Amino acid sequence: MNHSRNEQLMARKAAATPRGVGVMGAFFAERAQGAELWDVEGRRYIDFAGGIAVMNVGHGHPKVLAAIQAQLERFSHTCYQVVPYEGYVSLAEKLNRLTPGTHAKKTAFFSTGAEAVENAVKIARAHTRRSGVIAFGGAFHGRSLFAVSLTGKVQPYKAGFGPFPPEIYHAPFPCHGASLEDTRKAVHHLFKADIEPGRVAAIVFEPVQGEGGFNVIRPEAVAWLRELCDEHGIVLIADEVQTGFGRTGRMFAMEHYGVAPDLMTIAKSLAAGLPLSAVTGRAEIMDAPAAGGLGGTYAGNPLAVAAAHAVIDVMADERLPERGARLGERLRAELDAARAEVPQIADVRGLGGMVAVELRRPDGAPDAEFTRCVQAQALQRGLILLTCGVDANVVRFLFPLTVPEAVFDEALAILRDALRAA
Ligand code: PMP
């Protein structure tokens with residue numbers, strides 16, 4: 001039997017790596033440029049996944065490549081805690097300036113989103129000397145053991161991995177699926193039944209839940225969370241790992257709400273594919289852990305830091321948040337127009353360039369099957385899409401904000417066909 005190169009690689013993958021590391025498609029990457037990707041057999045794809053919200057500036061942006069190359073020739077690693085370098089400090093200064101709120105801020109760097117979330121909680125605990133953490137149903141905060149404990153979705157993230165650390169509580173997320181009143185009642189119930197507010201260190205939330213289904217938080221809920229945290233001395237942590245860096249039409253989603261969190265976690269598109277994450281927040285809270293309490297061998301890696309400096313410049317020079325919002329509007333219009341022919345479309349939602357479509361059966365039940373089908377039909381036609389949602393019935397769009405108009409048009413045409421063919 002003659003197997004294709006992709007088939008051979010899939011067979012080797014199955015034999016050499018655990019099934020727990022699942023993959024979306026049955027093809028392997030060869031190279032990528034801008035919003036396009038080619039597999040090892042030369043097949044071209046339009047990449048509307050962006051490595052899960054990482055490639056907001058697109059693959060191989062020349063300014064990012066140049067910054068990484070220049071840094072690579074100087075040094076690729078010293079471990080910041082052993083021999084520090086200026087790029088780390090100047091990137092911290094930039095993030096302190098760029099993130100919402102005019103108060104004094106400090107930033108620490110890590111490698112992954114999960115690590116940023118874990119460290120944000122450590123910092124909040126050190127500052128408050130309390131232990132409890134409240135997160136939300138449908139949330140995704142990462143796969144490391146504490147981050148996955150905060151994650152509000154059992155399958156496939158938590159099943160089989162318990163017991164989880166104590167004093168983590170989940171409330172319903174105040175978005176289209178729950179009113180602020182539902183959330184408020186649930187939190188007050190927690191305060192009565194499980195933990196007094198004076199023992200809660202932090203409340204962690206995503207302004208738009210990513211993996212959970214692109215669920216946009218109700219604006220009045222953000223104001224309420226801020227008040228609740230202020231009343232009880234709780235640290236408010238906004239997880240902007242997926243929403244940050246231009247995805248929602250602003251540099252950070254929290255800018256839409258006019259509310260500054262105490263701490264913010266950032267990762268993904270921060271460094272255009274090099275592993276870098278950050279916790280930025282109130283200087284006095286960030287300073288709570290003692291020297292040596294924060295860090296990591298690769299945390300704030302110089303190549304990733306150099307890439308992040310370039311990403312910030314590109315975002316501003318090319319006005320990418322605004323461009324993403326404009327493209328997001330076109331995508332929403334396309335999806336809204338498809339409603340007439342595709343009755344499964346139950347909701348089109350998002351913020352700026354963070355757009356998703358929710359699919360349901362005629363009886364209103366989530367239609368995961370149809371969702372998978374749309375994804376497969378798009379993939380067959382050369383468009384990479386991701387699904388999400390607690391019920392796996394949402395298609396999300398994470399196009400590079402630099403995608404050329406012609407490629408965007410091509411992707412919309414494929415999407416149109418895929419929705420109809422499914
Ligand atoms: N928080 C959010 C909101 C995320 O979307 C993700 C990743 N999808 C994470 C945390 C975890 O990031 P990482 O996979 O880099 O650990």
Side-chain angles (χ1 to χ4, degrees), residues 20-24 48-56 99 108-122 124 133-153 156-158 161 168 170 173 175 202-217 222 236-248 252-254 261 263-281 296 298-301 304 307-308 311 350-356 385-390 392 394 396-398:
V21 187
V23 298
M24 180 212 57
F48 269 28
I52 320 189
V54 171
M55 304 312 294
N56 284 1
T99 47
F109 293 104
F110 305 96
S111 303
T112 67
E115 243 188 308
V117 171
E118 300 229 351
N119 279 282
V121 172
K122 279 168 61 183
V133 187
I134 297 175
F136 293 92
F140 185 88
H141 297 294
R143 284 187 169 84
S144 54
L145 196 48
F146 194 90
V148 87
S149 311
L150 289 174
T151 290
K153 185 178 174 189
Y157 306 124
K158 300 172 89 155
F161 297 136
I168 292 173
H170 287 91
F173 189 61
C175 58
I203 297 180
V204 189
F205 75 105
E206 297 157 87
V208 183
Q209 288 189 333
E211 307 302 311
F214 279 28
N215 307 318
V216 185
I217 194 166
V222 183
L236 184 61
I237 304 174
D239 181 351
E240 291 237 22
V241 166
Q242 191 155 160
T243 51
F245 270 73
R247 176 52 54 189
T248 69
F252 297 102
M254 286 303 286
L263 302 179
M264 182 184 274
T265 53
I266 312 166
K268 291 197 185 275
S269 276
L270 164 63
L274 274 76
L276 185 68
S277 64
V279 181
T280 297
Y298 299 111
N301 169 269
V311 166
L351 198 58
M354 190 165 183
V355 175
L385 295 178
L386 294 177
T387 60
C388 62
V390 177
V394 180
R396 59 175 152 168
F397 302 89
L398 291 162

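Remember, it's a predicted structure, so these values are computed and weren't measured experimentally. Start at 1 and go down the list; that is how both ligands and their atoms are numbered.
- V355 is not listed as a side-chain neighbour of F214, based on a closest heavy-atom distance of 4.5 Å or more.
- Proximity of V204 to T265: side-chain heavy atoms (C-beta onward) are nowhere separated by under 4.5 Å.
- Using a 4.5 Å cut-off on side-chain heavy atoms (C-beta onward), E211 and E206 make no contact.
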Polar pairs, ligand 1 vs protein, N/O only, below 3.5 Å.
{"from": "ligand 1", "atom 1": "1 (N)", "to": "F140", "atom 2": "O", "distance (Å)": "3.3"}
{"from": "ligand 1", "atom 1": "1 (N)", "to": "D239", "atom 2": "OD1", "distance (Å)": "3.4"}
{"from": "ligand 1", "atom 1": "1 (N)", "to": "D239", "atom 2": "OD2", "distance (Å)": "2.7"}
{"from": "ligand 1", "atom 1": "5 (O)", "to": "Q242", "atom 2": "NE2", "distance (Å)": "2.8"}
{"from": "ligand 1", "atom 1": "8 (N)", "to": "E211", "atom 2": "OE2", "distance (Å)": "3.2"}
{"from": "ligand 1", "atom 1": "8 (N)", "to": "K268", "atom 2": "NZ", "distance (Å)": "3.0"}
{"from": "ligand 1", "atom 1": "15 (O)", "to": "G113", "atom 2": "N", "distance (Å)": "2.8"}
{"from": "ligand 1", "atom 1": "16 (O)", "to": "G113", "atom 2": "N", "distance (Å)": "3.3"}
{"from": "ligand 1", "atom 1": "16 (O)", "to": "A114", "atom 2": "N", "distance (Å)": "2.8"}

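- Residues R247 and Q242 have side chains not in contact (no heavy-atom distance under 4.5 Å, counting atoms from C-beta outward).
- D239 contributes atom CG, which lies 10.0 Å from atom CD1 of I266 (distance to the nearest 0.5 angstrom).
- When ring centroids are compared, F252 and F245 come within the 6.0 Å threshold.
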